[in-house]
Amino acid sequence: MGGDDSGLESDNFDWNTEDELEIQNYNSSSSCLTLPNGDAVTGSGEASSSAVLANSKVLDHFVSMGFSREMVSKVIQEYGEENEDKLLEELLTYKALESSSRPLQRIEPDPCSSENAGSSWDDFSDTDIFSDDEEIAKTMSENDDTLRSLVKMGYKQVEALIAIERLGPNASLEELVDFIGVAQMAKAEDALLPPQEKLQYNDYAKSNKRRLYDYEVLGRKKPRGCEKKILNEDDEDAEALHLPNPMIGFGVPTESSFITHRRLPEDAIGPPYFYYENVALAPKGVWQTISRFLYDVEPEFVDSKFFCAAARKRGYIHNLPIQNRFPLLPLPPRTIHEAFPLTKKWWPSWDIRTKLNCLQTCIGSAKLTERIRKAVEIYDEDPPESVQKYVLHQCRKWNLVWVGRNKVAPLEPDEVETLLGFPRNHTRGGGISRTDRYKSLGNSFQVDTVAYHLSVLKEMYPNGINLLSLFSGIGGAEVALHRLGIPLKNVVSVEKSEVNRNIVRSWWEQTNQKGNLYDMDDVRELDGDRLEQLMSTFGGFDLIVGGSPCNNLAGSNRVSRDGLEGKESSLFFDYFRILDLVKNMSAKYR
DNA sequence: AGTACCATGAATTCTAAC
DNA sequence: GTTAGAATTCATGGTACT
């Protein structure tokens, strides 16, 4: 099958040609935060020496997050090292109680371990962030009092922080408690309940009571005729979030129907601009919840089959203008035959597919393609309908294409790259396995689709943008902006997978980027202090992009399709937490 | 009724180092 | 040849839409 792919090299994306720069001397060893010249921000020597000396990797991990060695030791002693989440929770609580007694001080390095504690980001001069801003200091002090109260009431610090950030400094304790209650309802309680009640709580996500909460407790504007609609069951939400057919969002380049105006909720209006992505076909209520957290912005549901030859139904929530969008050129081929001309020769007339289904993280096995070959080859002409049906079903299920007589095959990784709008070999090399390439690609953006939405930024930021990229994966947003010709000034890229970070780093160097790429591995470590340090360094973010994990939302998941409160997908709340922090902090940089 | 779905985990096979 | 670890194969429903 590999031989049949050679003809694909004729496709004419030209954006590889500018990417032939020599790889400069670069040290990619740091898994934490790395400067473009390869120096870890921590001062890599110090950080690594402490790692060698420390008897506990976990201890070091938390110390590097800014907690004092003494405090971390104590907590580890108490709870063991296994459950890092629990440890973090405890540390945050201690920190909250400590800081509320001296609200103006930021995390203080432990004098006993000043060589590393809390110093990870000291290269960013941040000593005067708050010093001449009494207003902010006052607000933060008040927030700390509130925070302490909430923590004392038994709420998790993270949840309390989110509530304070979301409702603002003037929110009463009662409002905050209510907010946390509802957030917990969406996130935590579900898992504790038996299946039957679980359903009720999922329904609760769009219930009248919930909506009343939104408009009254959160102080959001009631829509006209609200009282009537509240009596009217779920019509409003159901209508608002109904998947469009055709799934073209506010418009795609290849269809004539466009929406050119929309009214954003006031809280959502940027800058900073944000762009959130996840699977469109999530369990019921999920998009309602996501939309509610993201300032009530209506999701834009788009199927990438209008941009390329493969379907990819996704929902996007963003506060970007939607006028004067333009697509990347050349427009990618939008049928299987155009994308893979060599398959045409072998394509049976009874395989009526013209588009591929969604590119996923796994591929069909060699055994399966062999079974199909045997099933088809015993017939001189078209196989009987039952065989056709079986083969077509498997081809649809596994996205198989015809690469020889009676021979089907899954797409090669480079073909998937091309379909998704990435440079060929984007995920190749660097020790990544074939399986992992499929996995990384299957979790990625479709670049042309995202670029179309982001294209409006080009005339707004002719000198480039500062990008915060959460759950970066293989850098779909970065590639999209680059292909749009939008200079990337400073990019903070947060991605858990090391191979993915390496892919983005390699791409960054090969494309001769002039800006700076900082990478981190865990969104949960990106707190207000670190954001403040980053934003003060280069003056805030213009765009916050993120597609949070879909594992617990995706239809393919048989095991743990638990909704937004699932293990991975609940990281959406970190996207919101960070976005809200950046939004609140951005006033200073405008 | 038919269709699609950014998946997970156990079992199995493959690979490379010894 | 043994073996540990990595890569691959396979079985696994259910939801929410057309």
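Numbered from 1 within each chain, the chains take letters A, B, ... in sequence-line order. Because the structure is a prediction, the values reported are computed rather than measured.
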Quiz item: Quick one: is B/dC6 close enough that its OP1 or OP2 comes under 4.0 Å of any side-chain N or O from A/S444?
Solution: no

Quiz prompt | Rounded distance (Å) that lies between atom P of B/dC6 and atom CG of A/D303 | solution = 10 Å

Quiz item: What nucleic acid atoms does A/G547 come within less than 4.0 Å of, heavy atoms only: base, sugar-phosphate, or nothing?
Solution: base

Quiz item: Is the NZ or CZ atom of A/K583 positioned over A/Y295's six-membered ring, under 6.0 angstrom from the centre and within 45° of the axis?
Solution: yes

Exercise. Would you classify A/S548 as touching base, sugar-phosphate or nothing, given that sugar-phosphate means primed atoms plus P, OP1 and OP2, and contacts are heavy atoms under 4.0 Å?
Key: base

Practice problem: Check whether any side-chain nitrogen or oxygen of A/T361 sits under 4.0 Å from OP1 or OP2 of B/dA7, and answer yes or no. | Solution: yes

Exercise. Please determine which of A/Y276, A/F471, A/W287 meets the ring-ring contact (aromatic ring centres under 6.0 Å, His included) test together with A/F572.
Key: A/Y276

Quiz prompt | Span that lies between the C1' atom of C/dT12 and that of B/dC5, in whole angstrom | solution = 14 Å

Quiz item: Can you tell me how far C1' in C/dG13 sits from the matching atom in B/dT3, rounded to whole Å?
Solution: 15 Å

Practice problem: Check whether any side-chain N or O of A/N357 sits under 4.0 Å from OP1 or OP2 of B/dA4, and answer yes or no. | Solution: yes

Quiz prompt | Residues A/E277, A/R314: salt bridge by 4.0 Å N-O rule | solution = yes

Return the polar atom pairs (N/O with N/O) between nucleotides 12-18 of chain C and the protein under 3.5 Å, or none.
unit_1, atom_1, unit_2, atom_2, d
C/dT12, O4, A/R558, NH2, 3.4
C/dG13, O6, A/R558, NH1, 3.0
C/dG13, O6, A/R558, NH2, 3.3
C/dG13, N1, A/G555, O, 3.3
C/dG13, N1, A/R558, NH1, 3.3
C/dG13, N2, A/G555, O, 2.8
C/dG13, N2, A/N557, O, 3.3
C/dG14, N2, A/G555, O, 3.2
C/dG14, N2, A/R561, NH1, 3.4
C/dA16, OP1, A/K284, N, 2.6

Quiz item: Contact class for A/C550 (heavy atom, under 4.0 Å): base, sugar-phosphate, or nothing?
Solution: base

Self-check item: Check: A/A554 main-chain N/O paired with A/R561 side-chain donor or acceptor under 3.5 Å
Solution: yes

